[in-house]
Structures are given as structure tokens and as C-alpha cells.
Engineer: 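First, the structure itself, so that you have it in front of you.
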There are 2 protein chains.
Amino acid sequence: MKQRITLKKIAREFGVSISTVSKALKNSNEISGELRDKIKAFADYYNYKPNSLALQLRNQKTSVIGVIIPEIVHHFFSTVIDGIEVYANEKGYNVMVCLSNESFEKEVANISVLANGTIDGLIVSIARGTQKKDNYHHFEELIKEDFPLVLFDRVNDALKCDKVIIDDIGGGYSAAEHLLEIGSKRIALLTTQDFITVGALRKVGYRKAMQNAGLDVDEDYVFKLDDAEDLYEQIEKVFELEQAPDAILAVNEIYAAIAMKIAKEKGYKIPDDIAVLGFTSGLISEFTSPPLTSVVQHGFLMGQKSAELLINRIEHTAGKEYHKEVISTNLKIRESTKR
Amino acid sequence: MKQRITLKKIAREFGVSISTVSKALKNSNEISGELRDKIKAFADYYNYKPNSLALQLRNQKTSVIGVIIPEIVHHFFSTVIDGIEVYANEKGYNVMVCLSNESFEKEVANISVLANGTIDGLIVSIARGTQKKDNYHHFEELIKEDFPLVLFDRVNDALKCDKVIIDDIGGGYSAAEHLLEIGSKRIALLTTQDFITVGALRKVGYRKAMQNAGLDVDEDYVFKLDDAEDLYEQIEKVFELEQAPDAILAVNEIYAAIAMKIAKEKGYKIPDDIAVLGFTSGLISEFTSPPLTSVVQHGFLMGQKSAELLINRIEHTAGKEYHKEVISTNLKIRESTKR
DNA sequence: CTGTTAGCGCGTTCAT
DNA sequence: ATGAACGCGCTAACAG
């Protein structure tokens with residue numbers, strides 16, 4: 001790669017000092033009009049652009065914000081990134097995306113690489129591995145140093161920093177409520193393992209709605225799925241209950257789509273025999289047949305909010321107290337629950 | 001944000017010079033064991049990490065690669081990024097993702113921000129706006145300066161740089177061939193507008209397969225869809241042909257899913273009356289009913305390949321000639337074409 | 001064993 | 001109107 005042109009080279013070319021060139025290019029009227037024009041023409045011709053590394057070092061500011069997410073091949077997360085990007089760009093920041101791949105070690109490594117001058121602040125959604133290990137030292141370290149940090153979606157309440165979360169309890173609640181309203185009595189819940197907080201919270205909402213309706217939650221109807229294992233096999237068990245459910249509430253789109261597929265294979269009519277409802281994270285819900293009713297999550301908004309909180313933190317336009325922004329969900333009702 | 005600790009501060013603390021500290025921390029045996037240990041302990045306690053900006057400036061190397069994609073909320077592109085990330089990380093690079101949002105101006109702006117020291121190389125998939133404008137000055141500029149550049153998927157053959165593309169012609173060909181093999185006679189093609197190269201190339205493959213089978217391509221059966229307009233409306237026209245098609249070949253998953261949805265609404269049986277086939281870019285194909293046969297694109301591999309070419313370029317382990325890597329597709333046959 | 005100096009590229013203050 | 005000097009944080013060659 002060819003060397004880019006620098007102030008130094010231009011200075012040498014004109015036999016003047018570096019600072020003269022610097023001033024000329026900034027249109028300082030300290031420099032004579034004639035020289036200024038010549039320098040500018042020359043710089044222009046060689047397409048001079050100040051080296052941003054040097055600027056960043058000098059200004060102690062990179063205008064880059066780091067983002068660490070568990071995985072990117074996931075509609076929800078890419079939506080969030082989109083939101084972050086849009087807001088950040090508007091404010092003159094660039095975005096550096098890293099993947100933890102759900103691994104504790106990679107999350108730690110990423111933070112350690114990023115938070116050493118390359119970025120002004122960090123937005124993270126915590127990896128499963130970290131949640132499982134329940135080890136948050138790397139975040140505490142950042143917080144101790146007052147490093148601007150925002151957590152979103154997968155957060156840990158013990159950490160003292162800004163957070164943006166989905167109203168998972170509310171989402172679970174209104175989902176279950178909707179299923180009850182259309183006359184369901186036995187609602188099966190397809191959720192994640194306990195250590196995954198979003199799944200756990202949605203379950204809380206579900207439980208609340210059931211209790212509110214005077215129904216007991218039968219734990220036999222709660223299925224804690226393991227993403228590492230075959231989902232089809234695990235979900236088939238739903239249909240081996242003594243009394244088949246008349247509705248299925250899944251905490252994500254994939255679970256819902258699979259459940260519906262199996263139900264149809266077993267000859268159940270959707271939504272008449274069994275209504276199915278999921279949490280949206282992609283486009284699947286729209287194209288299943290029947291299309292899936294789902295709790296929409298507003299990832300884009302979440303990204304924007306996260307970026308906003310972070311940039312306020314970076315630019316000291318936020319108060320000392322930390323914000324916990326809750327993004328409310330809403331229900332997109334489609335055919336899978338219309339009866 | 002608290003100031004991080006620097007060599008200078010440590011040096012002041014011990015009343016020694018900066019370079020002494022630097023050496024001590026690097027375990028140089030130029031420094032006495034005692035002092036070395038004390039300095040290391042101190043640095044460790046204050047969690048010293050060299051400022052990477054300073055290192056980058058000094059070494060003239062950032063170990064960051066930039067990626068500019070048209071949009072991130074798109075399964076195909078996020079798969080590619082995943083591939084880039086994985087390969088890059090393996091090689092010790094970080095990834096900076098920017099979005100052009102399909103706009104020429106944003107693409108230019110992004111390049112101008114990135115290619116000034118912050119990154120060692122760039123991977124780009126060209127924005128629609130740029131293709132439409134047919135203006136590639138910003139890339140030519142980079143190439144003139146020998147800046148490491150790799151284009152993927154949406155490329156321009158006139159640009160002298162490494163490229164990674166999908167075998168779109170081959171994909172279109174084998175898709176059409178498959179439809180012919182199952183006995184289709186009138187295959188409608190749902191493609192994009194002409195300036196979008198991937199759509200155009202897939203059409204070439206389709207045409208080739210048709211000719212190969214001794215069939216004429218009836219332009220009435222070719223629909224060039226505009227993503228900016230309502231897709232349902234545009235696709236409905238397919239069913240207003242005098243003779244309805246007995247197969248539909250769509251250049252992406254969404255077109256295919258919508259076509260199938262409309263076909264079913266109109267009472268056609270899939271695949272018996274009409275077979276439907278798409279190019280995969282997401283998970284939709286798996287969950288439609290019937291599931292969609294599709295041409296799979298191997299985005300992850302594409303990302304890896306792109307990163308590999310780029311890093312070879314950066315590290316001068318590539319020859320002078322530019323590579324054009326072609327990733328071949330393969331057909332995932334599902335129920336929508338089983339008859 | 002330790003320190004001085006120079007340089008990466010830039011902007012700014014203070015002299016001249 | 002122009003330039004020297006300094007600092008951002010770090011490393012490496014060289015000096016002592």
C-alpha cells in the first residue's frame with residue numbers, strides 16, 4: 001500500500017514548517033493568502049486527509065463506539081445494530097461490532113481489546129456463557145474506571161450502568177392474556193432454560209396472567225428447551241401430555257414455528273384446536289401458515305436508545321444516576337390465534 | 001471517565017524514565033530483577049494496558065478491517081459478516097462494520113472516514129445507489145493508492161481488486177433446470193430490476209437452462225420487481241397471465257414466500273399445480289408450508305473467503321494478480337418442488 | 001542496568 | 001507571516 005501524504009511531506013515540498021502547513025489547510029489567516037492557496041491546491045491534488053489515528057490520539061477521542069453481541073445472524077440483534085448505527089452516525093460516531101459467540105472468554109477478550117483507547121464507549125448484550133458462569137468481573141472493571149457502558153436486552157441488574165431492556169414480563173403477560181381471552185384453558189409454555197433471563201422473565205409474565213385469570217400454572221405444561229439439543233424432539237413432548245394444550249406460548253419465533261409445524265403434522269387445526277403465539281425476532285412469523293401472532297420487540301428502537309444513552313454518557317450530557325430504559329412490546333395479532 | 005494509567009505515570013511514580021518502565025513491563029533483562037518486579041506489580045495492580053491507539057500509530061497498523069454493507073438486517077449479509085468476523089479474529093483482526101444503507105453518498109462518506117488510518121483494509125458489497133449511479137470513483141481512488149480492498153457479492157468487474165462472488169448464473173441455471181426436470185413447462189421468473197447485478201445474472205442462468213431445454217423465454221413470464229413498491233401487488237400480476245405458470249423461480253426468499261402465499265390463496269396446490277423455488281437468504285424457506293426448495297448461498301463461507309483474501313493482501317502474502325473467487329451454490333430441495 | 005532521543009502524525013501555544 | 005516546541009502514549013536504537 002502506498003504511503004499516504006502527510007503534513008510533513010507537504011512541508012518538505014514547500015520548504016516550510018509543518019505547523020505552517022497545518023494552519024494553511026485550516027484556512028488560518030495567520031498564513032499569507034498566496035502560500036495558503038498553493039498549499040491547499042497541492043494537498044488537494046494529493047488528496048490529503050489528516051490521519052485519524054493521530055487525531056484520535058491527540059484529542060483523546062476516537063468517536064467510535066464498540067458493540068458486543070452474542071451473535072449477529074439473528075434478526076433481533078441485527079435490528080438493534082441497525083438502530084445503534086443510525087443514531088451513532090447521526091451523532092458523528094462509527095460503530096465497531098464484535099461477536100462474543102455466546103462465550104464468556106470471547107466476551108472478556110473483546111472487552112479487553114476494545115477498551116484500551118480504540119473506543120469511546122461500549123454497548124453489550126451479555127453472552128449466555130457469562131450468564132451461566134455468573135461472572136461479571138470484566139464489566140465491573142469497566143464500571144470502576146467510569147468507562148461509558150450500556151447493557152441491552154441481556155443485562156445484569158447488579159451492574160451499575162445504563163440499561164435498555166424489553167418489557168419481557170409485560171410481553172409474556174399480554175401474550176398469555178391474549179390466549180386466555182380467545183378462550184384457551186391449557187396454555188403450554190415453550191421457554192428457555194432458567195439462566196437465560198429473558199426466557200425466565202417472560203415466564204413470570206405468563207404466570208402472572210394465569211394467576212390473574214384464577215388458573216394454576218401446571219409445571220407439566222412448561223417446557224424448558226435446550227438450544228443445544230434437537231428442538232423438534234423436545235417440542236414433540238408437548239403433544240405427549242395427557243391432555244393436549246389448547247394454546248402454545250413460545251418465547252421466540254423458532255420455537256413457535258416448530259411447534260406449529262408439529263401440531264399440524266399431528267392433525268391439529270390451528271388456531272381452532274391449538275392457538276400458537278411467539279415472540280418475534282424475524283420474518284418467519286409472517287410467512288408460516290397460518291401466520292403467527294407474535295409479541296413484537298422493537299429492536300431498532302432499542303438500538304437507538306442504547307446509542308443515545310451511551311453517547312450522553314460519553315459526552316457528559318447525562319446525570320450521575322443510571323437510566324434503565326424499558327422498551328414496551330406490542331402484540332401483532334395474526335391468524336394463528338384468531339378464533 | 002477516569003484516566004487510564006500510562007507508562008509516564010508509572011515512571012513518575014518510581015522516579016525512573018519511561019523507557020525503563022516500558023522495558024520492565026516487557027520483561028527485558030536489561031532491567032534489574034528487583035525494579036522490574038516492583039514495576040510489574042504496580043502496573044498489574046493498576047491494571048495497566050498499553051494504549052492501542054498509540055501502538056497503532058507507531059506501528060502504522062491497526063489490525064482492524066472495515067466492512068461496508070448495504071444493510072445489516074438481512075440474513076445473507078449478517079451471515080457474511082459472521083464469516084468475516086470469525087476468520088479475522090483468528091488472524092488477530094477486529095472488524096468495524098458500517099452501513100451504506102444502499103446509498104451512494106453514505107458509501108462514499110464511510111470510505112472516506114474509514115480509509116484514513118483507522119483500518120488496514122476494506123471489504124465492501126456495493127450499494128444499490130452506487131450501481132444505479134454507475135459511479136465508482138471512490139473505489140478507484142482506493143485502488144490507485146494500493147489500499148487493500150475486497151468486493152463481495154455486489155461487485156463491479158471493471159475494478160481491479162480481489163472479489164468474491166456467488167455463482168449466480170450457475171445458481172439460476174440449476175434452479176431452472178430442477179424445475180424443468182420435475183416437468184414444469186411455463187416457469188415464471190421473479191427477479192429484480194436490471195441494474196441489480198445478482199438478479200440479472202440469475203436471469204442469465206434461467207435463460208440458459210430454458211434454451212438448453214429447447215424452450216423460448218417468454219418475456220411476459222419475467223417480472224422485474226421493484227422493492228420500493230408493494231410486492232404483493234406486483235406479484236399478483238403473475239396470476240393474471242393468460243396461462244398461469246406451472247412453476248415460479250424467485251431470485252430471493254421473500255419473493256418466493258409471497259408468491260407461494262398468493263398462489264395458495266388463489267387455490268393453487270403447491271407443488272402440484274405450481275412449484276415454487278427461491279434463493280435462500282434466511283430461515284423463512286424452512287418454515288413456510290410447504291417448505292421452500294431453495295438455492296443456498298453459503299454467506300458464511302463467502303465472508304471467510306473475503307477476509308482471507310483481504311488479509312493476504314494486507315500482509316503481502318498474495319501475488320500481484322487479483323483473485324476472483326466464485327462460491328458455488330447448491331440446491332436444497334424441499335416440498336415446494338417435490339412432485 | 002538505566003536514560004536520552006527520535007519518531008509515528010497532528011494541532012496549538014508561544015515566540016520571533 | 002512563519003516556525004519551534006510540546007504533548008498525546010508508546011517503542012526502539014543508541015548512549016552511557
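Below, read A as the first sequence line, B as the second, and so on, with proteins coming before strands; counting in each chain starts at 1.
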Engineer: Could you write nucleotides 6-13 of chain C as a row of B, S and -, 5' to 3', where a protein heavy atom under 4.0 Å of any base atom gives B, of only sugar-phosphate atoms gives S, and otherwise -?
Structural biologist: -BBBBBBB
Engineer: Pairs in or reaching into residues 116-140 of chain B: which pass ring pair (Phe, Tyr, Trp, His ring centres under 6.0 Å), with residues at least two apart or in two chains?
Structural biologist: B:Phe104-B:His138
Engineer: Can you list every salt bridge (charged side-chain N to carboxylate O under 4.0 Å, His left out) pair that touches residues 13-22 of chain A, not counting sequence neighbours?
Structural biologist: none
Engineer: For B:Asp162, which residues count as a side chain to side chain donor-acceptor pair (under 3.5 Å) partner, sequence neighbours excluded?
Structural biologist: B:Arg313
Engineer: Not counting sequence neighbours, list each pair that qualifies as a salt bridge (charged side-chain N to carboxylate O under 4.0 Å, His left out) and has a residue in residues 21-38 of chain A.
Structural biologist: A:Lys23-A:Glu30
Engineer: Which pairs, with at least one residue in residues 59-77 of chain A and sequence neighbours excluded, count as a salt bridge (charged side-chain N to carboxylate O under 4.0 Å, His left out)?
Structural biologist: A:Lys61-A:Asp120
Engineer: Can you list the residues that meet the side chain to side chain contact (heavy atoms under 4.5 Å, CB included) rule with A:Ala88, with sequence neighbours excluded?
Structural biologist: A:Ile65, A:Tyr93, A:Val95
Engineer: Please report the distance, rounded to the nearest Å, between CG in B:Leu35 and P in C:dC1.
Structural biologist: 11 Å
Engineer: Does the distance from a Lys or Arg side-chain N to an Asp or Glu carboxylate O, for B:Glu145 and A:Arg4, drop under 4.0 Å?
Structural biologist: yes
Engineer: Please identify the 5'-most and 3'-most nucleotides of DNA chain D with any atom under 4.0 angstrom from a heavy atom of chain A.
Structural biologist: D:dA1 to D:dG9
Engineer: Give the angle between the helix axes at the two ends of the helix from C:dC1-D:dG16 to C:dT16-D:dA1, taking five base pairs at each end and rounding to 10°.
Structural biologist: 70°
Engineer: Taking side chain to side chain donor-acceptor pair (under 3.5 Å) as the test, write out the residues that go with A:Lys91, two or more places apart.
Structural biologist: none
Engineer: Do any side-chain atoms of residues 44-58 of chain B form donor-acceptor pairs under 3.5 angstrom with protein atoms, and if so which ones, sequence neighbours left out?
Structural biologist:
{"residue": "B:Asn51", "atom": "OD1", "partner": "B:Leu53", "partner atom": "N", "Å": "2.7"}
{"residue": "B:Asn51", "atom": "OD1", "partner": "B:Ala54", "partner atom": "N", "Å": "3.1"}
{"residue": "B:Ser52", "atom": "OG", "partner": "A:Asn116", "partner atom": "O", "Å": "3.0"}

Engineer: For A:His323, check side chain to side chain donor-acceptor pair (under 3.5 Å) against everything at least two apart and list the hits.
Structural biologist: none
